[in-house]
S.K.: 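Sharing a structure below in structure tokens format, with a few things to ask.
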Amino acid sequence: LKDNPWNKDALLLLATAQSDAKAANDALVTLEKLIKTDRGDKRAHLLKAEILVEQGKTEAAKLAYGAACELGDRKACLRAR
């Protein structure tokens with residue numbers, strides 16, 4: 001990220017590590033940066049949804065699952081309901 005702060009794969013890896021380290025809010029900030037860079041990154045929307053579910057923010061999670069659904073993730077479509 002030092003050389004290219006908008007590297008999508010590095011941002012996703014960082015967000016995953018932050019989530020695993022129980023730094024959910026940091027992970028969400030990183031994911032928002034990634035989503036701004038590439039709205040079509042289904043992985044970012046899915047991880048965002050999973051974090052929001054863990055935080056009990058089901059309505060926000062449904063929106064994130066909905067975004068992943070629109071990008072072709074069928075399982076996300078079921079969770080978006």
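Worth knowing before you read on, the calculation uses all heavy atoms, side chains too, and leaves out hydrogens, waters and symmetry mates. Starting from 1, each residue takes its place in the sequence as its number.
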S.K.: Side-chain polar contacts of residues 34-45 - donor-acceptor pairs under 3.5 angstrom, sequence neighbours left out - could you list them?
M.R.:
from, atom 1, to, atom 2, distance (Å)
Thr37, OG1, Lys33, O, 2.9
Asp38, OD1, Gly40, N, 2.9
Asp38, OD2, Lys8, NZ, 3.2
Asp41, OD1, Arg43, N, 3.1
Asp41, OD1, Arg43, NE, 3.2
Asp41, OD1, Ala44, N, 3.2
Asp41, OD2, Arg43, NH2, 2.9
Arg43, NH2, Asp9, OD1, 3.3
His45, NE2, Arg39, O, 2.9

S.K.: To the nearest 0.5 Å, how far apart are OH in Tyr65 and NZ in Lys48?
M.R.: 12.5 Å

S.K.: Tell me which donor-acceptor pairs under 3.5 Å the side chains of residues 52-60 have, and how far apart each pair is, sequence neighbours excluded?
M.R.:
from, atom 1, to, atom 2, distance (Å)
Gln55, OE1, Lys57, NZ, 3.4
Gln55, NE2, Asn25, OD1, 3.2

S.K.: Only pairs under 3.5 Å count here: list side-chain donor-acceptor contacts from residues 68-81, not counting sequence neighbours, and write none if there are none.
M.R.:
from, atom 1, to, atom 2, distance (Å)
Asp73, OD1, Lys75, N, 3.2
Asp73, OD1, Ala76, N, 2.8

S.K.: If I take atom CG from residue Leu11 and atom OG1 from residue Thr30, how far apart are they, to the nearest 0.5 angstrom?
M.R.: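 Spacing of CG (Leu11) from OG1 (Thr30) equals 7.0 Å.
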
S.K.: Please round to the nearest 0.5 Å and tell me the distance separating atom CG of Leu12 and atom CG of Leu47.
M.R.: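 Spacing of CG (Leu12) from CG (Leu47) equals 6.5 Å.
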
